Peer 1: 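Let me give you the structure first, and then I'll get to my questions.
The figures that follow rest on heavy atoms only: side chains count, while hydrogens, waters and symmetry mates do not. Note that this is a predicted model, so its numbers are computed, not measured.
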Amino acid sequence: NQDASGFVTANNSNDVTLNLVPSANQFGTASVMVTVTDNGTNQLRVVTQSFTITLNSVNDAPVFNVSTKDIQVNEGDDVKRMGQFLTGINAIEDSQQIQSVTVSVVSGAEFFASEPAMDWVLSSTVATLNYTPTTNLDTTGVATINVVVVDDGGTANGGADTTTKTFTITVHQDSDGDGVPDKDDPF
């Protein structure tokens, strides 16, 4: 039992649990002193115990936003350059830096003349997506692409240094080559 002044009363119990809840994103050491007073007899007894608590730093995963999760293009389109496709790229901790921003085609690589790639400059909070749709489709196809952002904080103590997000690019067939998708295409 804890009273308004912060004192804990065991009330005929041999055990008292001390619960400590650290603030978010805090780490370091703290010295704690616990004093126990037993005045249940005619003689007052006081025992003091000191100890140190160490909170280890844990890296938070980097964050970023994807401007759209579903891109629609036509086969044979020119090079696509989507400025600020990624925004808010951030390592979270002030002492960390983003190390890489990459994309990988999970499925549908055949829908590109040049596969998606990111233009990103170290310390920038934005990245540009570049790709070229193929010119030779037999049908409309959907490519699934992962964006992976990695910071330099590591994974010690259960930390996370990588965030992955997924988006799709649908490449619509243009069987007559006029730059307009086939009329029965939903695009």
Side-chain angles (χ1 to χ4, degrees), residues 21-27 55-187:
V21 180
S23 298
N25 296 317
Q26 298 297 310
F27 59 92
L55 294 174
N56 294 318
S57 174
V58 176
N59 183 40
D60 294 317
V63 297
F64 64 96
N65 302 305
V66 177
S67 65
T68 181
K69 298 233 179 195
D70 182 29
I71 300 169
Q72 307 281 322
V73 296
N74 296 326
E75 80 171 291
D77 279 357
D78 292 333
V79 172
K80 296 293 183 182
R81 184 169 173 79
M82 299 180 70
Q84 296 193 10
F85 182 73
L86 301 182
T87 60
I89 301 170
N90 190 322
I92 302 297
E93 292 90 351
D94 290 339
S95 63
Q96 309 296 317
Q97 277 195 336
I98 299 296
Q99 294 299 300
S100 64
V101 175
T102 59
V103 293
S104 62
V105 178
V106 176
S107 64
E110 67 274 16
F111 302 127
F112 302 101
S114 66
E115 288 191 10
M118 284 291 167
D119 282 344
W120 173 77
V121 177
L122 188 65
S123 300
S124 177
T125 60
V126 298
T128 299
L129 174 66
N130 299 297
Y131 64 95
T132 306
T134 187
T135 58
N136 188 21
L137 277 184
D138 293 329
T139 186
T140 293
V142 178
T144 301
I145 296 103
N146 283 342
V147 179
V148 181
V149 175
V150 179
D151 71 23
D152 64 354
T155 58
N157 303 316
D161 63 359
T162 302
T163 299
T164 302
K165 294 187 180 182
T166 301
F167 67 95
T168 60
I169 298 176
T170 302
V171 182
H172 295 275
Q173 182 183 25
D174 178 18
S175 60
D176 59 6
D178 64 359
V180 177
D182 296 339
K183 66 178 179 180
D184 41 306
D185 245 336
F187 175 62

Peer 1: Using every non-hydrogen atom in the two residues, find where P62 and A160 come nearest and quote the distance to one decimal.
Peer 2: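 Closest approach of P62 to A160: CD-O, 4.3 Å.
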Peer 1: Just to verify, what does S104 make a side-chain hydrogen bond (donor to acceptor under 3.5 Å, both in side chains) with, not counting sequence neighbours?
Peer 2: none
Peer 1: Quick check for you: to the nearest 0.5 Å, what is the distance between M118 atom CE and T128 atom OG1?
Peer 2: 8.5 Å
Peer 1: Main chain of Q173, side chain of T140: is a donor-acceptor contact present, judged purely on distance under 3.5 Å?
Peer 2: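 Present.
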Peer 1: Taking C-beta and beyond as the side chain, do V105 and P116 meet within less than 4.5 Å on heavy atoms?
Peer 2: yes
Peer 1: Would you compute the distance between atom OG1 of T163 and atom CD1 of I89 and round it to the nearest 0.5 angstrom?
Peer 2: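 Atom-to-atom, T163:OG1 and I89:CD1 are 11.0 Å apart.
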Peer 1: I'd like to know whether CG of D78 has more than 12 heavy-atom contacts from other residues, nucleotides or ligands below 6.0 angstrom.
Peer 2: no
Peer 1: Is there a side chain to side chain contact (heavy atoms under 4.5 Å, CB included) between V147 and L129 once you walk through the steps?
Peer 2: CA-CA 10 Å; V147 179; L129 174 66; over 6 Å; no
Peer 1: So among T164, T166, T102, which one has a side chain to side chain donor-acceptor pair (under 3.5 Å) with N146?
Peer 2: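 That would be T166.
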Peer 1: Kindly write out the residues that satisfy side-chain hydrogen bond (donor to acceptor under 3.5 Å, both in side chains) with N56, not counting sequence neighbours, or none if the list is empty.
Peer 2: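 For N56, no residue satisfies side-chain hydrogen bond (donor to acceptor under 3.5 Å, both in side chains) once neighbours in sequence are set aside.
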Peer 1: For residues 98-134, pull every pair meeting ring pair (Phe, Tyr, Trp, His ring centres under 6.0 Å), keeping only residues two or more places apart or in separate chains.
Peer 2: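 Of all non-adjacent pairs touching residues 98-134, those that pass ring pair (Phe, Tyr, Trp, His ring centres under 6.0 Å) are F112-Y131.
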Peer 1: So I71 and M82, do their side chains get closer than 4.5 Å, heavy atoms only?
Peer 2: yes
Peer 1: Report the distance from atom CD of E115 to atom CD1 of I145, rounding to the nearest 0.5 Å.
Peer 2: 9.0 Å
Peer 1: Using a cut-off of 6.0 Å, state whether more than 12 heavy atoms not belonging to E110 lie near its atom CD.
Peer 2: yes
Peer 1: Measuring from L55:CG to N25:CG, what's the distance to the nearest 0.5 Å?
Peer 2: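 Here the rounded value is 12.0 Å.
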Peer 1: Sequence neighbours left out, what pairs pass ring pair (Phe, Tyr, Trp, His ring centres under 6.0 Å) with at least one residue falling in residues 63-85?
Peer 2: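 Sorted result for residues 63-85: F85-F167.
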Peer 1: For N59 and G154, indicate whether the former's side chain and the latter's backbone hold a donor-acceptor pair under 3.5 Å.
Peer 2: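 Judged by distance alone, yes, a pair lies under 3.5 Å.
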Peer 1: Check salt bridge (Lys or Arg N to Asp or Glu O under 4.0 Å) between D152 and all other residues, then give those that pass, not counting sequence neighbours.
Peer 2: none
Peer 1: Measuring only between side-chain heavy atoms, which start at C-beta, is D151 closer than 4.5 Å to V149?
Peer 2: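 Contact flag for D151/V149 side chains = no.
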Peer 1: Can you tell if the side chain of K80 reaches within under 4.5 Å of the side chain of P133, non-hydrogen atoms only?
Peer 2: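 Heavy-atom side-chain distance check passes, below 4.5 Å.
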Peer 1: Return all side-chain donor-acceptor pairs below 3.5 angstrom for residues 90-101, not counting sequence neighbours, or 'none' if the list is empty.
Peer 2:
residue : atom : partner : partner atom : Å
N90     : OD1  : I92     : N            : 2.6
E93     : OE2  : D60     : N            : 2.6
Q96     : OE1  : G153    : N            : 2.8

Peer 1: Looking at T132, is its backbone amide N or carbonyl O close enough to the side chain of S114 to form a donor-acceptor pair, meaning the two atoms are under 3.5 Å apart?
Peer 2: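 Yes, the answer is positive, given that a donor and an acceptor are paired below the 3.5 Å cut-off.
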